[in-house]
Amino acid sequence: MLASLVVTAGMTAQTHTLDINTQKLGAPIPSTMYGIFFEDINYAADGGLYAELVMNRSFEFPNHFAGWDISGKVTLKDDGPFKRNPHYVRLAPSGHTDKYTMIENRGFFGMGVKGGEDYRFSVWARVPDGGKAKLWIDLVDNATMGDDQKLGNASVEVSGKEWKKYTATIRPARTFARAHLRVWGDSKVTTDLEHVSLFPVNTYKGHENGMRRDLAEALEQLKPGVFRFPGGCIVEGTDLATRYQWKNSVGPVENRPLNENRWHYTFTHRYFPDYYQSYGLGFFEFFQLSEEIGAEPLPVLSVGLSCQFQNDITRGKKEDEVHVPIDQLQPYIDDVIDLIEFANGDPAKNQWAKLRADMGHPAPFNLKYVGIGNEQWDYKDNPVFTKRLKIFLDAVRKVHPEIKYIGTTGPDSEGDKFDMLQPKMSELKVDLYDEHFYRNEDWFLKSGNRYDNYKRGKGAPKVFAGEYACHGKGKKWNHFNAALMEAAFMTGLERNADVVEMATYAPLFAHVEGWQWRPDAIWYDNLRSFNSSSYYVQQLYSLNKGTNVVQLTMRGKPVAGNPDQDGLFASAVYDKNTDEIIVKVVNTSDNDQPVSLNLKGMKGKHEGKYTVFHSYDLVAENTFDDPIKVVPMTGKTTFNTPVEDVVVPARTFCMYKIKK
Ligand code: AHR
């Protein structure tokens with residue numbers, strides 16, 4: 001018996017023998033199996049992963065000075081150099097030697113800056129009357145009791161009537177989470193400013209239009225197999241005009257138009273009136289990031305339906321007013337085809353592929369999957385979704401049969417919508433369909449067998465569990481027990497890797513001051529971040545996904561928390577790269593469970609490792625103060641084979657890796 005795992009309190013008498021057939025390899029585990037779902041919710045893009053520190057840098061928010069304080073003579077103009085972002089500001093001399101013209105940006109809940117690190121200030125500027133002007137740029141701490149608010153400063157000299165980009169580096173003397181950026185106008189010369197920007201130089205992989213390093217590294221450390229973007233509901237829009245439009249998110253950042261962010265107003269109890277999408281983190285950056293973290297990119301595009309929750313045609317809204325009329329779908333279909341060209345096409349032959357090359361990536365991104373539609377559904381008397389999806393599939397398959405197209409079974413894990421859509425996805429021969437389940441503990445405990453009897457084999461679409469998380473009953477936030485439920489459920493994903501091709505926990509990111517939806521995988525403020533307990537479950541699966549399923553049964557049945565299985569869930573894989581059998585066992589009961597690992601086909605002693613993920617406090621969670629409160633612990637051990645006896649403590653996820 002593994003001494004390190006022996007806990008006797010509350011132990012049940014019965015030993016559970018897990019028969020693990022190490023001699024026969026089962027289905028290959030898809031490389032995409034465990035991935036990530038990104039949506040600009042909870043300030044995940046602007047104010048989060050996207051490292052830009054200035055909010056409303058192009059003065060295009062409906063309130064053009066949102067995020068800015070102004071003093072002196074500042075006026076808004078609208079004939080700027082960037083067609084799709086025409087507004088800019090004119091800073092005129094104040095008219096008095098002791099008065100100043102200045103604009104000050106508050107960032108997203110302030111700007112997090114680190115002492116001794118470099119920040120790249122940039123601005124498009126001109127001197128409308130000709131000549132030269134000097135701009136002073138300060139990073140400030142408005143709350144200081146010190147003599148000087150400045151944390152660091154720089155200046156730029158602007159010259160001539162033509163718009164040009166100017167840059168300067170600022171190195172703040174100390175770390176501060178809520179800095180503001182001040183730009184002082186010249187005291188004698190009028191200056192025009194557009195696209196005022198501040199980025200850390202130290203972004204992920206050093207890109208100028210880059211990602212916040214700690215957050216991107218947290219993604220990299222998940223080793224995700226697939227990266228779904230740009231969401232969620234954001235794909236659909238509250239109305240068609242506000243859906244995510246990828247073509248607006250590529251090309252020079254200065255000319256990417258602003259979009260509303262639906263999470264600004266979706267919940268009146270978590271309302272964020274200054275939440276917009278700059279599209280600075282756009283499709284090029286999503287593809288680039290996918291490549292850099294080693295994940296298959298998975299863009300999801302609109303199927304011509306706005307959010308069906310908010311545009312209910314059974315309650316008075318007219319289909320052709322809120323959704324795209326059937327005979328007007330072509331531009332939406334073109335969006336899919338052009339996106340595939342943008343990602344994979346030949347720059348010499350296609351304008352979108354050429355744009356990709358112009359943006360710095362002549363080689364293809366090797367896109368293999370495209371999702372069409374997010375949480376869509378049909379009505380009994382009107383297949384609003386599938387009639388559109390069919391038109392899309394017929395059209396896009398003709399041009400790009402090499403791509404795998406992903407449909408959806410709607411927002412529910414079961415019920416009318418799901419039951420209606422699942423067979424239709426087979427009829428339409430989608431390659432995969434996207435299932436969503438934000439459900440409570442009971443659902444997770446009862447769903448261990450969910451995929452055991454799914455249609456499999458030739459012609460059956462694969463499953464993309466595209467959004468899921470345990471939303472605890474009365475505890476809809478991150479905590480250990482919710483993560484444990486997810487771990488238990490995921491044994492069923494793993495066991496059914498021949499049916500489930502990919503799964504992405506959702507959502508990914510949340511700013512502690514700007515969230516609308518929880519639980520989430522990774523939390524952060526302006527300077528710090530920590531991973532939730534759910535993140536660690538995802539990571540345990542992803543880093544230990546193996547290459548093939550190995551059959552694991554208890555008394556001939558899959559171990560999925562069934563009534564006679566004492567709250568146990570289990571699965572096993574083989575990793576041909578490391579020659580290891582990896583067994584995952586989750587004990588969701590309140591009793592410690594003695595378990596015999598019967599590694600059929602193995603003999604003698606084998607080196608290995610065990611990992612234990614446990615918290616005595618079921619509602620414990622990681623925090624900024626204690627970011628490693630709920631994390632897995634790993635140790636080395638020797639396993640007896642064919643049989644090793646272990647104890648899986650109550651409410652614990654254990655993993656055993658045994659060298660073959
Ligand atoms: O993940 C948050 C939201 O949940 C997504 O936008 C949507 O697809 C789902 O309803």
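We count ligands from 1, going down the list as the structure has it; atoms in each ligand are counted the same way.
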Requested in this report: For the pair H436 (side chain) and D434 (backbone), establish whether a donor and an acceptor sit closer than 3.5 Å, ignoring hydrogens and angles.
Outcome: no
Report task. May I ask you to decide if the ring planes of F444 and F437 are parallel, tilted or perpendicular, using 30° and 60° as cut-offs? Result -> perpendicular
Report task. Classify the ring geometry between F109 and H511 as parallel (under 30°), tilted (30 to 60°) or perpendicular (over 60°). Result ->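 Plane angle between 30° and 60°, so tilted.
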Requested in this report: Indicate yes or no: does an N/O atom of G232 lie under 3.5 Å from an N/O atom of ligand 1?
Outcome: no
Query - Heteroatom distance test (E375, ligand 1): nitrogen or oxygen, under 3.5 angstrom - result: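 So ligand 1 has an N or O lying under 3.5 Å from an N or O of E375.
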Query raised in the report: Is it true that atom NZ of K223 has more than 12 heavy atoms of other residues, nucleotides or ligands lying nearer than 6.0 Å?
Result: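 Incorrect, the count does not exceed 12.
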Requested in this report: Give a yes or no on whether K429 atom NZ has more than 12 heavy-atom contacts from other residues, nucleotides or ligands under 6.0 Å away.
Outcome: no
Query - Heavy atom of P507, distance to ligand 1 below 4.0 Å - result: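 Heavy atoms of P507 do come under 4.0 Å of ligand 1.
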Would you mind listing which atoms of ligand 1 come within a distance below 4.0 Å of any non-hydrogen atom of [X]?
| X | value |
| --- | --- |
| N374 | 7 (C), 8 (O) |
| Y438 | 1 (O), 2 (C), 4 (O), 9 (C) |
| W263 | 6 (O) |

Requested in this report: Give a yes or no on whether a salt bridge exists between E321 and K317, defined as a side-chain N under 4.0 angstrom from a carboxylate O.
Outcome: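 Not counted as a salt bridge, because no side-chain N and carboxylate O are separated by less than 4.0 Å.
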Report task. Record the part of F309 in heavy-atom contact with ligand 1 below 4.0 Å; permitted values are side chain, backbone, both and neither. Result -> neither
Requested in this report: Just need the protein heavy atom nearest to atom 4 (O) of ligand 1, so name the residue and atom and give the distance.
Outcome: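 Closest protein heavy atom to atom 4 (O) of ligand 1: E467 OE1, 3.1 Å.
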**Report entry** Top protein contact for atom 6 (O) of ligand 1, by heavy-atom distance
**Finding:** E39 OE1, 2.5 Å
Query raised in the report: Honestly, is R528 close enough over F624, meaning NZ or CZ under 6.0 Å from the six-membered ring centre and within 45° of the axis?
Result: yes
